[in-house]
S.K.: 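Take this structure, written in structure tokens, and hold onto it; I'll ask about it next.
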Amino acid sequence: MSDAKKFLAYAALYYYLGEVFYIDIGQPAAPQYFLPPIPATIALLWLIQFAARAEIFSRPMLPNLLTGLAWLITFPLLYTWTYQRQWFMSLIYYDFAVGTAIFILLTSAEVLLAKSRLAAASMSLLNLFFCLIPLVELVYYCLTWHCLSPASLMAIYLTNWHEAGEFLRAMIGLPNLLIIFAVIGLLLRLAFKAHVNFGRRLPTLDTERTAAAAIALICSFAALIHYAPQTSMAGLWKTVTDYAAQTQLYSQGRAARLADLTIDAEQTLAAKAKGTVIFVIGESASRDYMHAYNPAFPFDDTPWLESKLNKLLPTPALPDDAKINPDYEATPDNTPRLTPAAGKFIIFKNVYASWTQTVPVLQRALTEQSQYNDKEFFESVSIVDVARKAGYKTYWFSNQGRYGEFDSAITLVAKTADVSEWTDDTFDFSELEDEVLLRFFENIDPNENNFIVFHLMGSHIYYNSRYPRRFKKWVTANGTGMMLAAPSYANSILYTDYVLSKIFDYAAQNLNLQAMIYFSDHGEDLEISHNPDVFRFEMLRVPMFIYLSPEYEATFPDLTTTLENNHAKYFTNDMFYDTFCGLINAPSNRYDAGQDFSSATYRFNRDTLTTMLGQHKLTEDKE
């Protein structure tokens, strides 16, 4: 068989095997997408074989072929393994087209480059560059047994280098990271050797082979530019960036929304019972691992909160893999004041997060948007807007970073407060302990009506980085593996309990505290953290309590009674905006009493509530 016929046969075989692969994994190789490009694709595959004087599946072609196949195979295969269903037919073809274009582009470029070690090194780096996204997909799948999704890409988009580093250390571990880098280094070395050999065996270019390589290069580059934005991963990324761009519209329409917001300021809590309202946002706190909620949890990590229950909860023995730290000593610096407080603490038993990640949860909890209405974030007013119109000076103090290059929904809301400050005023991920927030109390005028939001770092991984040494009460039995262990998580909850006590004590003694609310953004699974792609209900069961002063009780007895009666009812924290409006007695034209947990007309129950933004019913939780 002549070379020309052989090259044509291999080109046809490549195309055929691509279609067979998609069909074999259960993905449709739709004729309307795969048949029309056959002549052009086979022609370009023939040209690079002719230019390189090598068949597609020969050894010299291997680095570039594998690079193209990585794009062609990875997402369709991982999507099929994850969901066991078909992906969009058009996107399957676009992945095939881009993978093939990458293979042709790299091979034609290599033919045209000078035969040198520099050219071989450049080609090796190009192989790595084009493999980066498939490599990230594969690593993520190996960690979670789930393909990349808009939710996981959103987390990547809104993160920063420090948080990304902590995630990699927690989920992969430094030894495995070193192994991954060593494997990449080895593959780069092998690719370099293959490219050197490719250059050595390549005959001197003549006019025909140069023209063939140049045509293949130009056409494959044009195909790559055309099809890459239409691939599966590009489509998912566009979903994320479109969301982020839409979120930025929040600031543009705020003045009009504020003008539209109508509140009777003479009837609000600020008008009838002057003082301070505090809202504390926790991080990754799960009521499953809080002794006040779960007496079977063998770590008594909520002594302050339990003191407000007015009953003593038994604590089981520690498990065999945990023990009391022999160096731990209870002192006034790590022990909350447990004296009774005037007023009512209402601890809600059945509160769930609406999602498993901070930004999607809080953009709803802080605004009118919820799972149960069709309002958009950028069209909504926030609790900060309501508090200001209700007569409060507003403050936002955060121990979390601002999340990435662009402002997240949380930051956009926070910056509308009269005073907004971050403990580390950068886009980085804070390593400061939550007590640092207490210094902001110095800025509060006790003679004003104040609404203060504190955003904690709480129990974000690594758990052992979230508390000072004096709160290291429990350790693992062998003293190792503390970053993600249950003893470390319990220590972080113990520290949060202490910080909450300090916030409460200061405000009660100095700021005429009328109400204090706490809930966590989402929960935590101690095995897999809170990744939505591997969702479990442990990631959604969150703590929530509300404190009401004696003056509040006297001023709004009906609201107090309703909240007490609802302590065991079911609630999702995306409805907090309406609950906050009710709590400060500030109903408006942008208020839904049916979503207000303090309202007698609250309309939800376990059968009607959902989570994961409507994807799951609470009745699915077999807690």
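Numbers here are sequence positions counted from 1. Computed from a prediction, not measured in an experiment: that's the story for all the values here. Any value given below was found using the heavy atoms of this structure, including those in side chains, with hydrogens, waters and symmetry copies removed.
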S.K.: Rounded to the nearest 0.5 Å, what separation is found between the CG atom of Asp434 and the OG atom of Ser492?
M.R.: 10.0 Å

S.K.: What I want to check is whether the side chains of Asn399 and Thr423 have a donor and an acceptor closer together than 3.5 Å.
M.R.: yes

S.K.: Does a donor on one side chain and an acceptor on the other come within less than 3.5 Å for Gln371 and Thr610?
M.R.: yes

S.K.: Could you go step by step and tell me if Phe348 and Phe571 meet the side chain to side chain contact (heavy atoms under 4.5 Å, CB included) rule?
M.R.: CA-CA 9 Å; Phe348 300 94; Phe571 180 75; over 6 Å; no

S.K.: I'd like to know if the side chain of Asn449 and the backbone of Ala270 have a donor-acceptor N/O pair within less than 3.5 Å.
M.R.: yes

S.K.: Is there a donor-acceptor contact under 3.5 Å linking the side chains of Glu435 and Tyr495?
M.R.: yes

S.K.: Please list, chain by chain and in numerical order, all residues satisfying salt bridge (Lys or Arg N to Asp or Glu O under 4.0 Å) with Lys473, sequence neighbours excluded.
M.R.: Asp300

S.K.: Centroid separation under 6.0 Å, is that true for the rings of Phe451 and Phe580?
M.R.: yes

S.K.: Does the plane of the ring in Tyr602 sit parallel, tilted or perpendicular to the ring in Phe604? Use 30° and 60° as the thresholds.
M.R.: tilted

S.K.: Given side chains that start at C-beta, do those of Gln400 and His460 come closer than 4.5 Å, heavy atoms only?
M.R.: no

S.K.: Roughly how far, to the nearest 0.5 Å, is the CG atom of Leu540 from the CG atom of Asp621?
M.R.: 8.0 Å

S.K.: Applying the ring-ring contact (aromatic ring centres under 6.0 Å, His included) test to Phe441, which of Tyr395, Phe454, Phe397 qualifies?
M.R.: Phe454

S.K.: Using 30° and 60° as the class limits, which term best fits the ring planes of Trp304 and Phe345: parallel, tilted or perpendicular?
M.R.: perpendicular

S.K.: Taking the six-membered ring of Tyr352 (Phe, Tyr or Trp), confirm whether the NZ or CZ of Arg287 is under 6.0 Å from its centre and within 45° of its axis.
M.R.: yes

S.K.: Could you verify whether a donor N or O on one side chain and an acceptor N or O on the other, from Thr394 and Asp418, lie under 3.5 Å apart?
M.R.: yes

S.K.: How far apart are the closest heavy atoms of Tyr547 and Ala342, and which atoms are they?
M.R.: OH-O, 2.7 Å

S.K.: Is a side-chain donor or acceptor of Asp525 paired with a backbone partner of Glu538 at a separation under 3.5 angstrom?
M.R.: no

S.K.: Quick one: pull up CZ in Phe556 and OG1 in Thr560 and give me the separation to the nearest 0.5 Å.
M.R.: 9.0 Å

S.K.: Between Trp237 and Leu153, is any pair of side-chain heavy atoms under 4.5 Å apart?
M.R.: yes

S.K.: Measure from the ring center of Phe519 to the ring center of Phe576 and say whether it is less than 6.0 Å.
M.R.: yes

S.K.: Does the separation of the ring centres of His567 and Phe545 fall below 6.0 angstrom?
M.R.: no

S.K.: Would you call Tyr518 and Ile503 a side-chain contact if the rule is heavy atoms closer than 4.5 Å?
M.R.: no

S.K.: Using modelled atom types and a 3.5 Å cut-off, is there a donor and acceptor pairing between side-chain atoms of Asn491 and backbone atoms of Pro487?
M.R.: yes

S.K.: Check for a donor-acceptor pair, side chain of Arg364 on one end and backbone N or O of Trp355 on the other, with a separation under 3.5 Å.
M.R.: no

S.K.: Spell out, as yes or no, whether a donor-acceptor pair under 3.5 Å connects the side chain of Thr276 to the backbone of Leu511.
M.R.: yes

S.K.: Do Gln514 and Ile584 have side chains that approach each other closer than 4.5 Å (heavy atoms only, starting at C-beta)?
M.R.: no

S.K.: Can a side-chain donor-acceptor contact be found between Thr572 and Tyr372 if the only test is distance below 3.5 angstrom?
M.R.: yes

S.K.: Under the side chain to side chain donor-acceptor pair (under 3.5 Å) rule, collect the residues that match up with His530, sequence neighbours excluded.
M.R.: Glu524

S.K.: Quick one: CH2 on Trp81 to SG on Cys147, what's the gap to the nearest 0.5 Å?
M.R.: 12.0 Å

S.K.: Below 4.5 Å, heavy atoms only, C-beta onward: do Ser599 and Thr562 meet side chain to side chain?
M.R.: no

S.K.: Counting heavy atoms not belonging to Lys375, are there more than 12 under 6.0 Å from its NZ?
M.R.: yes

S.K.: Strictly below 4.0 Å, N to O, side chains only: are Arg466 and Glu283 in salt-bridge contact?
M.R.: no

S.K.: Take Thr144 and Ile528 through the side chain to side chain contact (heavy atoms under 4.5 Å, CB included) test and state the conclusion after the steps.
M.R.: CA-CA 8 Å; Thr144 65; Ile528 52 177; over 6 Å; no

S.K.: Taking the six-membered ring for Trp, are His455 and Trp396 parallel (under 30°), tilted (30 to 60°) or perpendicular (over 60°)?
M.R.: perpendicular

S.K.: I would like to know whether Leu269 and Thr555 meet side chain to side chain contact (heavy atoms under 4.5 Å, CB included); could you show each step before the answer?
M.R.: CA-CA 8 Å; Leu269 174 62; Thr555 307; 5.6 Å; no

S.K.: Would you say that more than 12 heavy atoms from the other residues, nucleotides or ligands in this model lie under 6.0 Å from the CG of Asp320, or not?
M.R.: no

S.K.: Go through Thr302 and Tyr293 one step at a time and tell me if the side chain to side chain contact (heavy atoms under 4.5 Å, CB included) criterion holds.
M.R.: CA-CA 9 Å; Thr302 52; Tyr293 280 90; over 6 Å; no

S.K.: Do Ser354 and Val361 make a side-chain contact, defined as non-hydrogen atoms from C-beta onward lying under 4.5 Å apart?
M.R.: yes

S.K.: Determine whether the side chains of Tyr140 and Asn531 contain a donor N or O and an acceptor N or O closer than 3.5 Å.
M.R.: yes

S.K.: Please answer whether the main-chain N or O of Thr416 pairs with a side-chain N or O of Ser420 as donor and acceptor at a distance below 3.5 Å.
M.R.: no

S.K.: Got Tyr392 and Thr268 here, is their nearest side-chain heavy-atom distance under 4.5 Å?
M.R.: no

S.K.: Salt bridge between Asp385 and Arg590, side-chain N to carboxylate O under 4.0 Å?
M.R.: no

S.K.: Roughly how far apart are Ser459 OG and Asn464 CG, rounded to 0.5 Å?
M.R.: 11.5 Å

S.K.: Is it true that atom CG of Asp374 has more than 12 heavy atoms of other residues, nucleotides or ligands lying nearer than 6.0 Å?
M.R.: no

S.K.: Hydrogens and angles aside, do Asp533 and Ser149 bring a side-chain donor and acceptor to less than 3.5 Å of each other?
M.R.: yes

S.K.: May I ask you to test the Phe75-Leu236 pair for a side-chain heavy-atom distance under 4.5 Å?
M.R.: yes

S.K.: Please check: side-chain N/O of Ser549 versus main-chain N/O of Tyr552, any donor-acceptor pairing under 3.5 Å?
M.R.: yes

S.K.: Does any donor atom in the side chain of Asp596 or Tyr591 lie under 3.5 Å from an acceptor atom in the other side chain?
M.R.: yes

S.K.: When you measure from the side chain of Asp592 to the backbone of Asp578, do you find a donor-acceptor pair of N or O atoms at a distance under 3.5 Å?
M.R.: no

S.K.: Quick one: are the ring centres of Tyr498 and Phe471 less than 6.0 Å apart?
M.R.: yes

S.K.: Which residues satisfy the side chain to side chain donor-acceptor pair (under 3.5 Å) test with Ser370, sequence neighbours excluded?
M.R.: Asn373, Gln595

S.K.: Check whether Lys617 reaches the backbone of Gly614 with its side chain - one donor and one acceptor, N or O, closer than 3.5 Å.
M.R.: no

S.K.: Answer yes or no: is there an ion pair linking Arg337 with Asp505, defined by an N-O contact shorter than 4.0 Å?
M.R.: yes

S.K.: Looking at OG of Ser488 and OH of Tyr462, how far apart are the two atoms once the value is rounded to the nearest 0.5 Å?
M.R.: 12.0 Å

S.K.: Between the side chain of Asn573 and the main-chain N/O of Asp521, is any donor-acceptor distance below 3.5 Å?
M.R.: yes

